[in-house]
Amino acid sequence: MKLRKILASGLIALLGTTSLASALDISEVDVSADLTTIENPQAAEFWNTLEADLESAILVLVADEIVDEGARVVVNIESFSINDAADTTFSMENAALIGRIHVINLENNAEFNSFELSVSIEGMTVTDESGTPVIVAQMEPEMVYETLVSSFAENVVERLE
C-alpha cells in the first residue's frame, strides 16, 4: 500500500485548516520509546526526540477531541528500524517505526482498544512542498524522520475513528 506523505511543514500548514477527527474524546496522549536499546550513535541521534515529537504530532491531529475526562492513548514504540546495531552502516532506506497503541478509558470500557502499528519509509510515495516525488535514497534524514513521525501519528488517529 503506497501512502502519500508530505513534509511536516506541509502537515502543519494543512492542520491549521483541518484536522483528522477521531470518534472518541481524548484526555491524554502518552508516548514511550526505549531509546537506550539503540547501539548505533547515528541512529540514536536520529531518534533522539521521538517521544516528544510523536506525542505532539498526535495531539495536533486530535486537538478538537481533547477533553478533561476522556480516553488515554498510550503509544509504546517497540522497535526502531534504521540499522540500530552498532556494527551496521546507518541507512535511511530501511527506516521504520513499530509500536503498540492502547486506548484506555476507565469511565467507559467500551472504548478500550489495542493494536500494533508499523510504518516504514520503504514503499512510501513521499513528496516535497511542491508535490514533486522524492526518491527515498535522496531524502535528507530530517525529511525521513518527519515523514515517519507524521505517518505514524496519522495512522494512530485513523485507527481511533
Counting C-beta onward and ignoring hydrogens, is there a side-chain heavy-atom pair between [X] and [Y] closer than 4.5 Å?
X	Y	answer
Ile98	Glu116	yes
Ile101	Val74	no
Val67	Ile26	no
Arg159	Val103	no
Glu28	Asp30	yes
Val149	Glu146	no
Ile66	Val62	yes
Met124	Val119	yes

[atom1]/[X] to [atom2]/[Y] distance, rounded to the nearest 0.5 angstrom?
X	Y	atom1	atom2	value
Glu111	Arg72	CD	CZ	14.5 Å
Leu54	Thr49	CG	OG1	10.5 Å
Ser79	Leu97	OG	CG	8.5 Å
Ile58	Glu154	CD1	CD	11.0 Å
Glu78	Ser32	CD	OG	9.0 Å
Trp47	Leu148	CH2	CG	5.0 Å

Legend entry - Shortest non-hydrogen contact from Thr127 toward Met143: O-CE, 3.7 Å

Legend entry - Heavy-atom closest contact (Ala153 atom, Ala57 atom, distance): CB-CB, 3.6 Å

Do the side chain of [X] and the main chain of [Y] share a donor and acceptor less than 3.5 angstrom apart?
X	Y	result
Ser27	Glu69	no
Tyr145	Leu50	yes
Ser56	Asp53	no
Thr37	Asp34	yes
Thr132	Asp128	no

Legend entry - Linked, directly or transitively: Ile104 and Leu117 (ILVMFWY side chains, under 4.5 Å): no

Legend entry - Single-linkage hydrophobic cluster, 4.5 Å side-chain cutoff, Val29 and Phe112 together: no

Legend entry - Derivation and outcome, side chain to side chain contact (heavy atoms under 4.5 Å, CB included), residues Val144 and Phe46: CA-CA 10 Å; Val144 171; Phe46 182 84; 3.9 Å; yes

Inset, instruction - Start with the C-alpha gap between Glu51 and Ile77, add the side-chain angles, then the distance that decides, and say whether side chain to side chain contact (heavy atoms under 4.5 Å, CB included) holds. - result: CA-CA 9 Å; Glu51 290 175 329; Ile77 299 299; over 6 Å; no

